[in-house]
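Here's the structure we're looking at; comments come further down.
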Amino acid sequence: MDKTVVMQEEREKNCKRNKLEALTVRNEETTVNVSGESPMMEVSPRYGVSSVCGRRREMEDAVAVHPSFSSHSEYPQHYFGVYDGHGCSHVAARCRERLHNLVREELNSDREEEESEWRKTMERSFTRMDKEVVLLGESVVSGNCKCELQTPDCDAVGSTAVVSIITPDKIVVANCGDSRAVLCRNGKPFPLSIDHKPDRPDELDRIEGAGGRVIYWDCPRVLGVLAMSRAIGDNYLKPYVTCDPEVTVTDRTDDDCLILASDGLWDVVSNETACSVARMCLRGGRRRRGSPEKAVETISDKACVEASVLLTKLALARHSGDNVSVVVIDLRRKGHVPGH
């Protein structure tokens with residue numbers, strides 16, 4: 001077959017993947033629409049997901065949503081994760097399939113409310129995930145992805161992971177890499193994670209302390225290769241690239257929403273703009289229910305979906321060159337967003 005024809009077919013496949021549409025996320029026992037409609041809707045926050053290939057030839061992002069994913073606690077705990085793969089898609093896909101299960105296994109229902117315990121739980125979970133990925137590369141000799149899961153190619157594959165667990169009174173965020181979590185509170189953005197870039201002063205010190213180097217090649221890169229300083233996988237760059245997550249535990253208060261996204265969004269959209277777009281969609285999704293005398297404002301189940309899709313479109317309009325994945329989670333307890 002002519003090489004030109006093959007390249008054209010690949011482009012057509014990628015164009016199909018770029019079509020913006022509401023995703024359906026499966027948890028272990030039930031299918032949950034990204035609008036948040038599920039049998040657990042009364043205890044699960046509303047959320048929306050949009051994930052597109054964008055201008056990349058391959059889709060390497062993955063998203064996981066698992067409402068009420070843990071039975072270790074008397075109160076509901078909801079899991080949301082965005083994984084941005086590099087080198088191939090199989091590490092991000094593995095994180096989507098397994099990381100929430102590992103977190104559930106590591107949860108200690110008696111002590112999990114302590115910030116230090118949350119940190120230990122997430123660190124153990126990420127470490128186990130990293131070990132699984134390394135073993136996967138060592139044990140499987142062939143596969144269907146472009147790297148064919150063959151060492152040493154598989155050693156050069158990894159993924160970011162930004163994960164949030166939402167409880168009735170806490171927002172737990174664990175981040176490894178340059179995906180990001182941003183909380184919108186009272187109309188203002190509050191980053192709950194800090195990107196792990198090789199030139200971040202503390203990360204640079206850690207890399208050089210371990211005997212590594214940061215080389216500028218279009219941007220700062222570990223050993224001139226990887227443009228992030230932490231990731232799951234990337235076995236060939238250890239110990240300079242670590243899987244240890246940074247964990248934050250934030251008390252819930254007058255919050256609007258939480259945005260989790262890959263750097264395909266954050267490279268071209270500021271925290272402030274993302275927060276404004278999400279709040280605009282939530283305000284626009286208000287509905288009146290009940291009689292005029294007892295009208296109650298509620299957020300449309302589609303509002304978060306619209307926010308995630310609009311943010312994705314905005315990233316593409318601003319010429320993001322990466323895959324773009326966005327999760328918007330409505331955190332309003334009374335179902336509405338304050339005015340301007």
Side-chain angles (χ1 to χ4, degrees), residues 17 23-28 34 47-54 56 58-66 69 78-104 122-123 125-134 136-137 143 145-147 149 154 156-165 172-182 192-193 195-196 226-235 237 241-247 258-267 308 311-312 315 320 322-329:
R17 283 203 300 256
L23 302 178
T24 299
V25 183
R26 287 187 178 273
N27 66 6
E28 295 170 88
V34 294
Y47 59 89
V49 176
S50 180
S51 185
V52 297
C53 187
R56 285 291 181 91
E58 303 288 339
M59 182 58 170
E60 295 178 338
D61 282 6
V63 177
V65 176
H66 297 279
F69 83 109
H78 314 292
Y79 182 101
F80 302 87
V82 171
Y83 315 107
D84 181 359
H86 48 265
C88 190
S89 61
H90 70 263
V91 173
R94 188 72 170 186
C95 289
R96 177 184 57 201
E97 296 167 3
R98 288 286 297 147
L99 188 50
H100 65 283
N101 288 323
L102 298 178
V103 173
R104 178 171 53 219
M122 303 309 286
E123 288 174 350
S125 303
F126 276 56
T127 298
R128 288 179 62 186
M129 187 72 254
D130 187 70
K131 290 179 179 179
E132 283 195 13
V133 168
V134 172
L136 176 69
C145 51
K146 65 180 182 180
C147 74
L149 285 178
C154 192
V157 179
S159 177
T160 73
V162 60
V163 168
S164 180
I165 297 176
V172 181
V173 169
N175 180 56
C176 176
D178 58 3
S179 296
R180 191 183 307 168
V182 175
L192 299 186
S193 67
D195 301 354
H196 292 125
L226 191 62
M228 67 196 72
S229 56
R230 302 194 189 194
I232 293 174
D234 293 299
N235 196 41
L237 289 175
V241 172
T242 177
C243 67
D244 293 339
E246 288 187 312
V247 182
L258 178 67
I259 303 172
L260 305 179
S262 60
D263 65 338
L265 175 74
W266 304 118
D267 283 348
S308 63
L311 286 170
T312 304
S320 174
D322 205 347
N323 304 147
V324 185
S325 296
V326 182
V327 180
V328 177
I329 307 155

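Residue numbers count from 1 along this sequence.
Taking the side chain to side chain donor-acceptor pair (under 3.5 Å) definition, one finds that Thr127 meets it with nothing, sequence neighbours left out. Remark: Arg96 pairs with no residue by the side chain to side chain donor-acceptor pair (under 3.5 Å) rule, at least two apart or across chains.
Across all their heavy atoms, Pro245 and Cys176 have their closest contact at CA-CB, 4.4 Å. Scanning both residues, Ser308 and Gly48, for their nearest heavy atoms gives OG-C, 3.6 Å. Cys53 and Met59 make their closest contact through CA-SD, 3.6 Å (heavy atoms, listed as atom of the first residue, atom of the second, distance). The two atoms that bring Glu60 and Arg56 nearest to each other are OE1-NH1, 4.4 Å, heavy atoms only. Of all non-hydrogen atoms in Ile232 and Ala161, the two that sit nearest each other are CD1-CB, 3.9 Å.
Taking a cutoff of 4.0 Å between a charged side-chain nitrogen and a carboxylate oxygen, Arg230 and Asp244 do not qualify as a salt bridge.
Of the inter-residue distances, the one linking His66 atom NE2 with Ile165 atom CD1 reads 11.5 Å to the nearest 0.5 angstrom. Here CD of Glu123 is found 10.0 Å from CD of Glu246. Values are rounded to the nearest 0.5 Å. To the nearest 0.5 angstrom, Ser229 atom OG is 11.0 Å from Leu237 atom CG. Here the straight-line distance linking atom OG of Ser179 with atom CG of Asp61 works out to 7.0 Å at 0.5 Å rounding. In this structure, OG in Ser164 is found 10.0 Å from OH in Tyr79, a value given to the nearest 0.5 Å. We find the OG1-CG distance between Thr242 and Asp130 to be 7.5 Å, quoted to the nearest 0.5 Å.
Remark: the backbone N or O of Glu58 is paired with a side-chain donor or acceptor of Asn323 at under 3.5 angstrom. In this structure, Asp178 contributes its side chain and His196 its backbone to no donor-acceptor pair below 3.5 Å. Under the 3.5 Å distance criterion, the side-chain polar atoms of Arg98 are left unmatched by any main-chain donor or acceptor of Met129. Using modelled atom types, one side-chain atom of Thr160 and one backbone atom of Asp84 make a donor-acceptor pair closer than 3.5 Å. Judged by distance alone, the side chain of Asp322 and the main-chain N or O of Val324 form no donor-acceptor pair under 3.5 Å. Although no hydrogens or angles enter the test, the distance criterion places a donor-acceptor pair under 3.5 Å between the side chain of Ser193 and the main chain of Ala181. The main-chain N or O of Val91 is never found under 3.5 Å from a side-chain atom of Ser159 such that the two would form a donor-acceptor pair.
Inspection of the Ser51 and Ser325 side chains reveals an N or O donor paired with an N or O acceptor under 3.5 Å.
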| After noting the C-alpha distance and the side-chain angles of Asp263 and Asp195, does the key distance pass the side chain to side chain contact (heavy atoms under 4.5 Å, CB included) rule? | CA-CA 9 Å; Asp263 65 338; Asp195 301 354; over 6 Å; no
| field | CA sep, side-chain torsions, deciding dist, call: Leu99, Phe126, side chain to side chain contact (heavy atoms under 4.5 Å, CB included) | value | CA-CA 7 Å; Leu99 188 50; Phe126 276 56; 4.1 Å; yes
| said: Could you walk me through whether Leu136 and His90 satisfy the side chain to side chain contact (heavy atoms under 4.5 Å, CB included) test, starting with their C-alpha distance in whole Å, then the side-chain angles of each, then the deciding distance to 0.1 Å, before giving a yes or no? | reply: CA-CA 10 Å; Leu136 176 69; His90 70 263; 4.0 Å; yes
| task | May I have the step-by-step check of side chain to side chain contact (heavy atoms under 4.5 Å, CB included) for Arg180 and Leu265, ending in yes or no? | result | CA-CA 9 Å; Arg180 191 183 307 168; Leu265 175 74; over 6 Å; no
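Taking 4.5 Å as the limit, every side-chain heavy atom of Ile329 sits out of range of all side-chain heavy atoms of His78. Under the 4.5 Å side-chain criterion, counting only non-hydrogen atoms from C-beta, Val65 is in contact with Val49.
Taking the six-membered ring where the residue is Trp, Tyr47 and Phe80 present perpendicular rings, their angle passing 60° and hence far from 30°.
Screening Val173, Asn175, Val172, Leu192 for a side-chain contact (heavy atoms from CB on, under 4.5 Å) involving Val247 leaves a single residue, Val172.
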